[in-house]
Amino acid sequence: MKPAQLREVRYDVERIRKAADRMDELEMDYMDVMAKLKHAEQSLKIIATWAHCGRSDDDLKMIENRAMDTLVLIKDEA
């Protein structure tokens, strides 16, 4: 193999290694975002449930609607 070809192969290997490292980083970031999304969903469900305790019907519906709207926004961004 010519020196120029060998150098190009080494560059290709390095680019592939960097791409694999980036994929690992992206996968970890994705897992982190999904964990945060799950936590946010659970928290909003707790808020919606809590809203049912001792509130007027108007307050209840408003709180529940805002919690559910927030869930939709979070899912759309994920």
Side-chain angles (χ1 to χ4, degrees):
M1 193 177 279
K2 294 180 182 178
Q5 288 174 323
L6 187 57
R7 186 172 44 252
E8 286 301 316
V9 168
R10 286 183 180 142
Y11 288 148
D12 290 343
V13 168
E14 185 62 21
R15 282 192 290 269
I16 291 170
R17 186 191 64 75
K18 286 182 179 180
D21 288 346
R22 182 66 181 137
M23 288 295 294
D24 289 341
E25 289 175 18
L26 289 171
E27 185 177 2
M28 288 188 299
D29 290 346
Y30 175 78
M31 297 300 282
D32 185 48
V33 166
M34 294 310 292
K36 289 178 180 178
L37 174 62
K38 184 173 183 169
H39 180 73
E41 287 176 331
Q42 291 170 342
S43 298
L44 287 169
K45 287 176 184 176
I46 289 170
I47 291 169
T49 302
W50 169 81
H52 285 283
C53 301
R55 303 279 182 190
S56 70
D57 287 340
D58 291 336
D59 289 343
L60 164 67
K61 205 58 175 160
M62 184 181 68
I63 293 169
E64 185 177 8
N65 287 341
R66 293 300 75 78
M68 293 304 120
D69 290 345
T70 305
L71 271 176
V72 170
L73 289 173
I74 289 171
K75 285 186 177 188
D76 286 345
E77 291 182 16

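- Residues Glu14 and Lys18 are in side-chain contact: their nearest non-hydrogen atoms beyond the backbone lie under 4.5 Å apart.
- Here the straight-line distance linking atom CG of Asp29 with atom CG of Asp24 works out to 11.0 Å at 0.5 Å rounding.
- Take Asp12 and apply the side chain to side chain donor-acceptor pair (under 3.5 Å) test, not counting sequence neighbours, and it matches Arg15.
- In this structure, CD on Glu25 lies 5.5 Å from CZ on Arg22, to the nearest 0.5 angstrom.
- With hydrophobic clusters built from ILVMFWY side chains whose heavy atoms lie under 4.5 angstrom apart, Ile16 does not share a cluster with Tyr11.
- Atom OH in Tyr30 sits 10.0 Å away from atom CD in Glu27 (nearest 0.5 Å).
- The side chain to side chain contact (heavy atoms under 4.5 Å, CB included) test with Asp32 is passed by exactly one of Met34, Lys36, Met28: Lys36.
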